[in-house]
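In what follows, every heavy atom counts, from backbone to side chain, and hydrogens, waters and symmetry copies are set aside.
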Amino acid sequence: MQVLKGTHIHLRAIEPEDLNFLFDTENDTSFWEVSSTQTPFARHLLEQYIASAHLDIYEAKQLRLMIVKNDSNTPIGMIDLFDFNPQHRRAGIGIIIIASEQQKGYASEALELLIPYCFSTLQLHQLFANVTSDNRASMTLFEKHAFVQIGTKKEWIHSNGTFKDEILLQRIN
């Protein structure tokens, strides 16, 4: 998939050797708020997930791609399409970059690669993202890529004893 190769990173399918990266990332509690995770993932469960990752997006209704540095072939994050709906030609998009690699432009480059793929190859009409109102970095990232705020889900996310609003962003092709 040369279409998903950028200047600094490329997006690729999950491979069996990504197990340790997935285990560490999925069990990083700092990401649990956005993923609605409440319990740790077992290696066995993640091995099963990797084994089924070959399923077509039309069957699985989701697609997870690894964000990998070109110069070291090291995964630094993941970008997901979720709630894929081919009938209505839409999908949600989410992105995670490990803490040590944040604020380096990798998330922006990943979106630059995935958005055209979604609109041209998958023929989607729209993408959406859900971002907590206190996550300015993610809001700025999606707005930079022409996503617009279309609504607020009040007190939608319960985290650390408080409720947070979640902003719904959308980009229509």
d(His8 NE2, Lys5 NZ) to nearest 0.5 Å is 11.0 Å
Do Gln123 and Pro86 have side-chain heavy atoms sitting under 4.5 Å apart? no
To the nearest 0.5 Å, atom CD of Gln126 lies from atom CZ of Arg171 at 12.5 Å
- Message: I'd like to know whether Ser133 forms a side chain to side chain donor-acceptor pair (under 3.5 Å) with Lys164, so could you lay out the CA-CA distance, the side-chain angles of the two residues, the decisive distance to 0.1 Å, and finally the verdict.
- Response: CA-CA 7 Å; Ser133 58; Lys164 295 181 180 184; over 6 Å; no
Note to self: Using side-chain heavy atoms (C-beta onward) and a distance below 4.5 Å, is Leu22 in contact with Asp24?
What the structure shows: no
Would you say the side chain of Asp80 lies within less than 4.5 Å of the side chain of Gln62, judging by non-hydrogen atoms? no
Quiz item: Is there a side-chain contact between Leu63 and Tyr117 (heavy atoms, below 4.5 Å)?
Solution: yes
Residues at least two apart in sequence or cross-chain that pass side-chain hydrogen bond (donor to acceptor under 3.5 Å, both in side chains) with Asn20, listed by chain then number, are Arg43
Partner of Leu168 under side chain to side chain contact (heavy atoms under 4.5 Å, CB included), picked from Thr152, Val131, Val148, Ile150, is Ile150
For Ala110 and Ile67, the nearest pair of non-hydrogen atoms, with its separation, is CB-CD1, 3.9 Å
Checklist entry - Do Asp18 and Pro75 come close enough that some side-chain heavy atom pair is under 4.5 Å? => result yes
To the nearest 0.5 Å, atom CD1 of Ile115 lies from atom OG of Ser120 at 11.5 Å
Next on the checklist: Are Leu169 and Met139 packed together at the side-chain level, in the sense that at least one heavy-atom pair is separated by less than 4.5 angstrom?
Outcome noted: yes
Q.
I'd like to check Ile9 versus Ile76 (side-chain heavy atoms, cut-off strictly below 4.5 Å). Are they in contact?
A. yes
- Query: Do Phe21 and Leu19 belong to the same hydrophobic cluster, where Ile, Leu, Val, Met, Phe, Trp and Tyr are linked whenever their side-chain heavy atoms lie under 4.5 Å apart, directly or via other members?
  - Reply: yes
Heavy-atom closest pair (Met78 atom, Met66 atom, distance to 0.1 Å) is CG-SD, 3.8 Å
CZ of Arg89 to CG of Leu122, rounded to nearest 0.5 Å, is 11.0 Å
Leu65 side chain reached by Leu81 side chain, heavy atoms, under 4.5 Å
no
Indicate whether the side chain of His125 and that of Asn173 have a donor and an acceptor atom separated by less than 3.5 Å. no
Checking Thr132, Thr140, Asp134 against Arg136 for side chain to side chain contact (heavy atoms under 4.5 Å, CB included), the one that qualifies is Thr140
Determine whether a donor-acceptor pair (N or O, by modelled atom type, separation under 3.5 Å) exists between the side chain of Gln102 and the backbone of Ile97. yes
Notebook entry, point to check: Are Phe82 and Leu11 joined in one hydrophobic group, where the rule is that I, L, V, M, F, W and Y side chains link up if heavy atoms are under 4.5 Å apart?
Noted result: no
Practice task
Output, in order, the C-alpha distance, side-chain angles, deciding distance and verdict of salt bridge (charged side-chain N to carboxylate O under 4.0 Å, His left out) for Lys69 and Glu101.
Solution key: CA-CA 10 Å; Lys69 282 184 167 181; Glu101 299 294 343; 3.2 Å; yes
- Message: Centroid separation under 6.0 Å, is that true for the rings of Phe147 and Phe128?
- Response: no
Are Glu143 and Gln149 close enough, and set up right, to give a side chain to side chain donor-acceptor pair (under 3.5 Å), and what steps lead you there?
-> CA-CA 8 Å; Glu143 289 171 344; Gln149 294 183 34; 2.9 Å; yes
One should read off an interatomic distance between Phe84 CZ and Ile93 CD1, to the nearest 0.5 angstrom, of 13.0 Å
CG of Leu127 to CZ of Phe142, rounded to nearest 0.5 Å, is 9.0 Å
Do Leu124 and Leu4 belong together in a cluster built from hydrophobic side chains that touch within less than 4.5 Å? yes
message: We want to know whether Lys153 and Asn130 form a side-chain donor-acceptor pair, criterion being a heavy-atom distance below 3.5 angstrom.
response: yes
